[in-house]
Each structure stands twice: as C-alpha cells, then as structure tokens.
Amino acid sequence: MTRLVWFRNDFRVHDNPALMHARRDNEEDCLAITFVCESQWRRHGLGDRRINLIKQAINGLHRSLEKLGIPLLVIQSDLFKDSENDLRHVLGALDVSELNYNIEYEINERHRDISVCRLCQEYEVSTNKFHDQCLLAPGEVRTQNNDPYRVYSPFRRSWLSLMQDYCPAPLGAPAPQASDIISAAVSDLINDRHALPESVSDPLWSTDENTAHQRLSEFLDSDVLRYHDLRDLPDAEGTSRLSFHLALGILSPRQCIHTAWQRNNCMLSGGEQGIDTWINELIWREFYRHLLVAYPQLCKHKAFKPETEGVPWRNNKSDFDRWCRGETGYPIVDAAMKQLLDQGWMHNRLRMITAMFLTKHLLIDWRWGEAWFFEQLVDADLASNNGGWQWSASTGADGAPYFRIFNPTTQSEKFDKQGLFISRYLPELAKLSAKSKHFPSAGERSLYGYCDPIVEHKSARERALTAFKQTLEA
DNA sequence: TGATTGTTCTG
DNA sequence: AGAACAATC
C-alpha cells in the first residue's frame with residue numbers, strides 16, 4: 001500500500017503536517033505528488049514571474065524529498081479538472097491507502113478538493129486534511145456571539161487570548177524513507193515520468209527552504225529589533241521580505257511565529273516592540289485568511305461592503321496603464337510601481353500609497369489594481385492581496401474610512417524624507433533637492449524629463465469624496 | 001496603519 | 001506667524 005502526500009502550496013519538507021502524517025511510520029511507502037496547473041494558475045491571475053518561481057520551488061522540493069528517500073511525482077495538468085483526471089490514473093495504477101494534504105482556502109481550490117475527495121471515496125482511499133496556513137484554523141476565532149470577526153483589533157485580542165501566549169513548536173522534517181520500502185508500482189510510475197525542466201533562477205527570490213530558514217533567523221536575530229522603527233521606510237530594507245516564502249509555503253507561519261516567540265522571551269505580545277510588531281503583521285495575515293473563509297464573496301471579486309459596489313468607478317484604461325507603468329507624475333507612486341515591476345515585490349507602505357492613489361485619486365476600481373498586483377507580485381496571495389486592496393479602497397471589512405485619503409506628497413515626505421527611495425527608481429530626479437523630489441515643479445519636470453501629474457491632488461481628492469459620499473450616504 | 005480646514009492660543 | 005486643537009471629510 002502507498003500513502004500519497006499531495007503538495008499544493010506548501011513547498012517545504014519541514015513543519016509540513018501532511019508530509020509528517022504520511023511518514024508517521026514505516027508501515028507503508030510514501031509517494032509525494034504535485035500538479036503543475038499552469039493554465040489554472042493563469043486563470044487565477046498569476047504572472048510569469050510567480051509561475052516560474054513555483055516551478056523552481058517544485059524542483060527544490062524534488063531535491064529535498066529525494067534526500068528523504070521520498071519520490072516526487074510531478075504532473076503537468078493544465079487545469080484543476082485535468083489534475084483530477086490525472087489523479088484518477090495514479091489511483092488506478094497504484095495501490096493507494098490514503099491521500100494527505102494541507103488545506104487551501106480559496107474557492108476553486110476547495111471545489112477541486114471536494115471532487116478529489118469524492119474520487120478517493122470511489123477508490124476507497126482515505127483522505128487526511130491538515131491546516132498549515134494559520135496557527136488557529138479559520139473558524140476557530142469567533143466573537144461571543146459565535147460570529148466571525150469583521151474588525152481586526154478584537155480579532156487580534158481574541159487570537160492572542162486563544163493562543164495563551166504560547167506557540168507550538170514546528171514539526172521538523174520526517175525521517176528518511178528506506179528505498180527498499182518503495183513499491184515496484186511506484187518505481188515504475190516514477191521512471192515513466194520526466195522531471196519538470198529546470199527553470200531560470202530568480203536572483204532576488206530564493207526558493208530554497210534552508211535559505212529561507214536562514215533569513216528567518218537572521219531577521220529575528222537582529223533586523224527585527226529595528227522593525228518597529230524602520231518598517232514604514234521603503235528605503236531602509238527594514239522588513240523581513242519573507243512574504244514570498246510564506247506565500248509559497250516554503251516557510252510556515254508557525255515556523256515564523258515560533259521563532260519570533262522564542263526570541264520574544266516566550267511572548268506573543270507585550271515583549272520587545274519590534275518582535276511584537278512583526279507578530280502583529282502575521283496576525284493580520286491570519287485575520288485576512290479567516291475573513292476569506294468566513295465570507296466566500298471575497299473569493300468572487302465582491303466587495304466586503306455590498307453598498308460600495310455602487311461607487312461610480314471611472315475605470316479609465318489609459319490612466320490605469322500610466323499607474324501600472326509608474327507614470328503618474330507623483331514620484332513616490334511611480335517609484336513604487338517601478339519597484340513592483342523590477343522586483344515583483346513592493347514595500348508594504350508603498351502598497352497602501354499606490355493602492356489608495358489608484359482607488360481614490362484615479363477613482364479606478366480596486367479590482368483592477370488587485371489583479372495587477374496579483375499578476376506582478378511574487379508573494380501574490382488572494383487573502384492578503386484582496387484584504388489590502390479592500391482596506392485601501394474602503395470597501396473592506398475593517399477598511400480605511402472612505403474619507404481617509406493619503407496625500408501622496410505628504411506620505412512621501414514622511415516616509416522617504418531624503419527622497420532616497422525615489423532616486424533609486426526615478427534616476428531622472430536624482431539631481432533635485434530632497435524637497436523637490438516629493439513633488440517637482442512644472443519647470444523641474446520639463447527640465448529633467450519627468451511627466452506632469454496625472455491628476456491634481458486637491459480636486460481628485462474631492463472627486464473621490466463626492467463619489468463615495470453620494471454612493472454611501474444616499 | 002489621515003488630511004484638511006477653520007479656530008483658538010502663544011509669543 | 002505658527003503651534004495646538006477640534007470638527008469634518
């Protein structure tokens with residue numbers, strides 16, 4: 001009998017509940033399986049860069065599993081429904097006892113899993129599902145009324161009290177599997193396949209699990225102490241940059257929080273300020289996942305607040321394109337958008353500034369921006385991306401009130417005081433004084449070849465206020 | 001996890 | 001004039 005462990009968005013061998021369960025003893029052999037559903041991923045909006053990185057992560061996983069004596073069957077399936085057929089063939093070819101996997105919470109993924117479980121029933125294969133994306137599974141954190149939380153602060157309070165200032169230790173990696181346990185059928189199946197072609201590695205984003213562990217310890221050994229003070233400064237590299245590893249499951253949130261908890265004198269809050277603040281960000285991550293599960297409309301391009309569906313978005317394609325390319329004439333916005341294109345990543349403060357600029361100053365539907373970020377980001381994650389966008393657009397559960405509109409120039413002066421980040425991505429402005437970099441004069445723009453502002457701040461702000469006000473207070 | 005505007009208080 | 005504050009968006 002063979003146990004399957006299905007890797008989906010958890011490309012790691014450490015702290016992987018499904019993998020550990022499949023290797024709980026040596027009674028049966030264990031085969032890892034994963035499906036490369038490129039068309040499905042594109043349909044979900046992932047871009048080239050991220051898809052390439054997933055393939056790289058799969059190849060890395062392949063090598064890690066090899067060291068553990070666990071073969072990985074990589075199947076290229078196109079769409080989810082194709083992967084179901086492909087799984088059927090595997091179940092037909094092998095004597096499978098069980099299928100183990102860690103749960104994905106997005107709607108298409110859940111539907112796929114429902115039909116896969118049905119398929120397993122047909123073949124008398126038991127299915128074991130595990131929560132690995134949150135420390136407290138979605139649904140476990142509820143108000144006294146037994147409702148899901150809609151507001152962050154009370155969610156956080158409740159989350160912390162349920163955790164009781166404790167964080168369970170990560171699971172580690174399973175013991176290696178002896179090669180003689182592997183059944184002939186599995187060997188035949190594996191030998192029949194060719195591996196996923198090695199993709200070009202991305203110098204900025206390592207998919208290697210051990211490198212991620214190193215970065216985590218490094219961050220929590222020193223950088224985190226300045227996290228509270230530096231995390232809002234895009235030029236400072238004050239953030240962990242671990243969102244990518246979390247998004248692909250190269251790291252688990254438990255590994256992150258447990259390491260932080262240890263460094264924080266075994267506290268989840270009320271300890272060192274930097275560590276507290278970082279853990280708080282990870283609780284935001286849990287919050288958005290819990291929301292996604294509690295409110296399925298979030299998976300279907302719906303606003304959390306239905307009344308905001310009436311906002312008269314302008315949806316001007318050429319304005320949108322200028323925003324995407326970083327040609328709005330607001331330096332902090334443009335530098336940020338160029339960082340996204342350059343790195344497949346954007347600093348969190350800049351995500352808020354650019355998102356608010358698109359939805360408020362340009363009055364363009366948050367879904368356009370959400371899709372662009374999702375395509376470009378190496379850390380693209382439906383729950384967090386949607387949560388952030390709906391926060392900025394004031395359509396979300398616990399969003400910014402619609403009248404809280406960032407002034408991009410003020411944000412720039414506050415968080416990029418010397419204009420160093422702006423200079424990094426807009427070298428044409430390098431010669432300007434720090435003061436001018438935040439918003440160059442008309443003369444300075446034409447002198448250095450920088451475009452004119454796409455909208456005038458004050459009138460754009462008023463346009464957005466009016467649009468929201470008429471919609472929400474009608 | 002704001003910004004703006006108008007008012008009062010300070011020097 | 002400019003800080004400090006409150007009301008409003």
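Heavy-atom basis, side chains included; hydrogens, waters and symmetry copies ignored.
Taking atom CG of A:Asn348 as the reference point, atom P of B:dT1 lies 14 Å away to the nearest angstrom. To the nearest angstrom, C1' of B:dT1 lies 11 Å from OH of A:Tyr152. Rounded to an integer number of Å, the gap from A:Trp389 CH2 to B:dT1 C1' is 16 Å. A:Asp398 has its CG atom 11 Å from the P atom of B:dT1, to the nearest Å. For A:Phe468 and C:dT8, the CZ to C1' distance is 17 Å, given to the nearest whole Å. Straight-line distance from the CZ atom of A:Arg461 to the P atom of B:dA3: 10 Å, rounded to whole Å. At whole-Å resolution of the value, CE in A:Met352 and P in B:dT1 are 10 Å apart. Between the CD atom of A:Gln390 and the P atom of B:dT1 there is a distance of 20 Å, given to the nearest Å.
For B:dT4, the OP1/OP2 oxygens have a side-chain nitrogen or oxygen of A:His457 closer than 4.0 Å. Using a 4.0 Å cut-off, some side-chain N or O of A:Lys458 falls inside it from OP1 or OP2 of B:dT5. Using a 4.0 Å cut-off, some side-chain N or O of A:Gln411 falls inside it from OP1 or OP2 of B:dA3. Taking side-chain N and O atoms only, A:Asn407 has no distance below 4.0 Å to OP1 or OP2 of B:dG2.
The listed nucleotides are B:dT4, B:dT1, C:dC9; the one nearest the side chain of A:Trp391 is B:dT1. Of the candidates B:dT4, B:dT1, C:dC9, C:dC9 carries the atom nearest the A:Phe403 side chain, counting heavy atoms from C-beta on. When distances are taken from the side chain of A:Lys469 to each of C:dC9, B:dG2, B:dT4, the shortest belongs to C:dC9. Comparing C:dC9, B:dT4, B:dT1 against the side chain of A:Arg349 picks out B:dT1 as the nearest.
A:Lys414 comes within contact range of the sugar-phosphate backbone alone, with a heavy-atom separation under 4.0 Å but no base atom that close. Residue A:Glu462 is out of contact with every strand shown, counting any heavy-atom pair closer than 4.0 Å.
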Residues A:Tyr149, A:Phe287; criterion ring-ring contact (aromatic ring centres under 6.0 Å, His included); working and verdict: CA-CA 8 Å; A:Tyr149 283 97; A:Phe287 177 56; 8.2 Å; no

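No salt bridge links A:Arg241 with A:Asp379; every basic N to acidic carboxylate O contact stays at or beyond 4.0 Å.
With sequence neighbours left out, A:Glu281 forms a salt bridge (Lys or Arg N to Asp or Glu O under 4.0 Å) with A:Arg231.
Using cut-offs of 30° and 60° for the angle between ring planes, the A:His347 and A:Trp345 rings count as perpendicular.
Geometric assessment of A:Arg8 against the ring of A:Trp6 yields a positive cation-pi assignment under the 6.0 Å and 45° thresholds.
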